[in-house]
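Reminder, nothing fancy here: chain letters follow the sequence lines and each chain counts from 1. Given the structure is predicted, the values throughout are model-derived calculations rather than measurements. All values below were derived from every heavy atom in this structure, side-chain atoms included, with hydrogens, water molecules and symmetry-related copies excluded.
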Protein chains: 2
Amino acid sequence: MVELEAPQLDAVFHALGDATRRRMLRDLAKSERTVGQLAEPFAMSLAAASKHVKALENAGLIRREVRGRAHICRLAPGPLASAHEWLNFYARFWTDRLDALEGLLLTEDTLRSDACKGDDS
Amino acid sequence: MVELEAPQLDAVFHALGDATRRRMLRDLAKSERTVGQLAEPFAMSLAAASKHVKALENAGLIRREVRGRAHICRLAPGPLASAHEWLNFYARFWTDRLDALEGLLLTEDTLRSDACKGDDS
DNA sequence: TTCTAATTCAACCATAGGGTTGAATATATC
DNA sequence: GATATATTCAACCCTATGGTTGAATTAGAA
C-alpha cells in the first residue's frame, strides 16, 4: 500500500471528481479498453474524451500501452488503494463496531505524530 | 451506508481534491472547530478559507452550527463512508486475499445490472 | 503509394476555482 | 450606544478545466 504524496492525492481525487472519468474506470474494471472504446459511451468529441483519459493517466489511475495505432488502457489500482487507505483514516467516524474504540485510542497517537510531521495532507 | 448520487460524488471527490480542505478534515477529526480555527493554519485570507469550508459543507462533509457569532463545524462522516464504499468496488484489484475471488464472482452480476441501469457513475 | 483509422495537438471559448480586498452583517462586550 | 469579533458577501483577478473544431501524426490496409 503506497502512501501518496499530497500532490498525487490531489490528482487522484480530482480525477475521481468527474462522472465521465468514473465511468471510464468502471469500464476498465471489466477489461482493458482503447481510448476510442472508452470514449464511445459519451456524447463528446474524441479529443475531449482523450483529455479525460490523460487526466486518469496523470493521476496514475491507468496505464497505457501503445500497440500499433491503438492505445490500450488498463486499470492501475495503486492510487485507488491509496485513496481508499486515506479515507480509511476516517472509518472510525462511521463505524460503530466495538473494536473501533481500540482504533480510536490507537489513532490518538497517530494524530499527535501527524501533527509533528507537519504535512499530513 | 447511503449510496450517493453522481452529483454528490462529484462534490465529495472534488472537495477531497484539495490539500487545504483535506487538512481541515484532519483537524475536524480531532474535534469540532470554528471557521476561524479551521482557517488559522493557512496563509490565506479568512474569506478564502471560508470558501473552502463552504465547499466541504456543500459536499456534505461537515455540518455547521451557528452559535452566536461563531460557526461551529463538525465532521459529517456519511459522504466519506460513501466515497470509501465507492472505492471499495475496486478493492479486488489490489487485494489478493482468497475470498476476493468470491467478491469477483459476485460483482460480475453487479456489473451487468449496472450496465442496464445506465448511470452507475 | 494511397487511403483510412486511432489518437493527439493546437487554438480557441466559456465557465468554474481559488485567491484577493473592502464593505456588510450579526453578535458579544464595554 | 459604541466598539470589537466572527463570518460572509460582492466585485474583481488569474488560472485551470472541460468542451469545441480543424490540422497533424502515426500506423494498418488496399
Side-chain angles (χ1 to χ4, degrees), chain A residues 6-28 31-75 119 121, chain B residues 6-28 31-74 79 119 121:
Chain A
Q8 258 269 291
L9 264 189
D10 282 2
V12 170
F13 281 126
H14 174 255
L16 296 180
D18 183 292
T20 299
R21 292 189 288 260
R22 288 199 303 276
R23 168 66 188 275
M24 287 179 167
L25 289 180
R26 282 278 158 146
D27 290 347
L28 288 169
S31 83
E32 60 182 39
R33 297 283 151 101
T34 69
V35 173
Q37 289 172 329
L38 286 173
E40 191 269 332
F42 303 105
M44 70 177 66
S45 69
L46 227 132
S50 172
K51 286 186 193 176
H52 283 296
V53 172
K54 177 172 271 182
L56 290 168
E57 197 180 13
N58 286 342
L61 288 167
I62 69 180
R63 293 179 347 249
R64 179 195 307 241
E65 176 201 349
V66 179
R67 195 188 300 168
R69 59 187 167 179
H71 295 204
I72 291 159
C73 304
R74 290 193 195 77
L75 197 58
D119 171 31
S121 62
Chain B
Q8 258 269 292
L9 263 189
D10 283 1
V12 169
F13 280 128
H14 173 255
L16 295 180
D18 183 293
T20 299
R21 293 191 285 261
R22 288 199 302 276
R23 169 64 190 275
M24 287 179 167
L25 289 181
R26 282 278 157 147
D27 289 347
L28 288 169
S31 82
E32 58 182 39
R33 296 284 150 100
T34 69
V35 173
Q37 288 171 331
L38 286 173
E40 191 269 332
F42 304 105
M44 70 178 64
S45 69
L46 229 135
S50 171
K51 286 187 193 175
H52 283 296
V53 172
K54 177 172 273 185
L56 291 168
E57 198 181 12
N58 286 340
L61 289 166
I62 68 179
R63 294 180 345 248
R64 181 195 305 241
E65 175 199 349
V66 180
R67 195 188 298 169
R69 60 186 166 183
H71 294 204
I72 292 160
C73 304
R74 292 193 194 77
D119 171 30
S121 59

Open item on the list: Just the rounded figure in Å: distance from P of dG22(D) to CG of L46(A).
Closed with: 15 Å

Open item on the list: On the nucleotide dT8(D), are OP1 or OP2 found under 4.0 Å from the side-chain N or O atoms that S50(B) carries?
Closed with: yes

Open item on the list: Taking any heavy-atom pair under 4.0 Å as a contact, classify A70(A): base, sugar-phosphate, or nothing.
Closed with: sugar-phosphate

TODO: Can you spot which of L25(A), L56(A), D27(A) makes a side chain to side chain contact (heavy atoms under 4.5 Å, CB included) with L75(A)?
DONE: L25(A)

Task: Nearest-nucleotide comparison on DNA chain D, the residue closer to the 5′ end among A49(A) and G36(B) - done: G36(B)

TODO: Among the candidates dG18(C), dT7(D), dG19(D), find the nucleotide nearest to the side-chain atoms of H52(B).
DONE: dG18(C)

Open item on the list: Between C1' on dG17(C) and CG on D18(A), what's the gap in Å once rounded to a whole number?
Closed with: 15 Å

Task: Heavy-atom closest contact (S50(A) atom, V35(A) atom, distance) - done: CA-CG1, 4.4 Å

- [ ] Check whether any side-chain N or O of S45(A) sits under 4.0 Å from OP1 or OP2 of dT20(D), and answer yes or no.
- [x] yes

TODO: Take atom CD of E40(A) and atom P of dA5(C), then tell me their distance rounded to the nearest Å.
DONE: 17 Å

Open item on the list: Tell me the closest heavy-atom pair linking G68(A) and V66(A), and the distance in Å.
Closed with: O-CG1, 3.5 Å

- [ ] Could you tell me whether the phosphate oxygens of dC9(D), OP1 or OP2, come under 4.0 Å of any side-chain nitrogen or oxygen in K54(B)?
- [x] yes

Open item on the list: Under 4.0 Å, heavy atoms only, any strand: does A55(B) hit a base, just the sugar-phosphate, or nothing?
Closed with: nothing

Task: Whole angstrom value for the distance that separates C1' of dT8(D) from CG of L38(B) - done: 15 Å

Open item on the list: Tell me the closest heavy-atom pair linking E65(B) and R74(B), and the distance in Å.
Closed with: OE1-NH2, 2.8 Å

Open item on the list: Under 3.5 Å, is there any donor-acceptor pair linking the side chain of K51(A) to the base of dG19(D)?
Closed with: yes

Open item on the list: Tell me the interatomic distance from I72(B), atom CD1, to dT27(C), atom P, rounded to whole angstroms.
Closed with: 14 Å

Task: Exam field: side chain R33(B) to backbone M24(B), donor-acceptor pair closer than 3.5 Å - done: no

Task: Any donor-acceptor N/O pair under 3.5 Å between dT5(D) base and R69(B) side chain - done: yes

- [ ] Starting at atom CG of D10(B), determine the distance to atom C1' of dG18(D), rounded to an integer number of angstrom.
- [x] 13 Å

- [ ] Check every atom of dG19(D), dC9(C), dT20(C) against the side chain of A48(A) and return the nucleotide holding the closest atom.
- [x] dG19(D)

Task: Closest to side chain of R21(A), choosing from dG18(D), dG18(C), dT20(C) - done: dG18(D)

- [ ] Determine the contact category for R67(A): base if any of its heavy atoms lies under 4.0 Å from a base atom, sugar-phosphate if only primed atoms, P, OP1 or OP2 are that close, otherwise nothing.
- [x] nothing

TODO: Would you classify T20(A) as touching base, sugar-phosphate or nothing, given that sugar-phosphate means primed atoms plus P, OP1 and OP2, and contacts are heavy atoms under 4.0 Å?
DONE: nothing

TODO: Would you kindly give the CE-to-P distance between M44(B) and dC14(D), to the nearest whole Å?
DONE: 19 Å

Open item on the list: Counting only side-chain nitrogens and oxygens, does H71(B) get under 4.0 Å of the OP1 or OP2 atom of dT8(D)?
Closed with: yes

Open item on the list: Looking at R64(B) and H71(B), would you say the former's side chain and the latter's main chain have a donor-acceptor pair under 3.5 Å?
Closed with: no

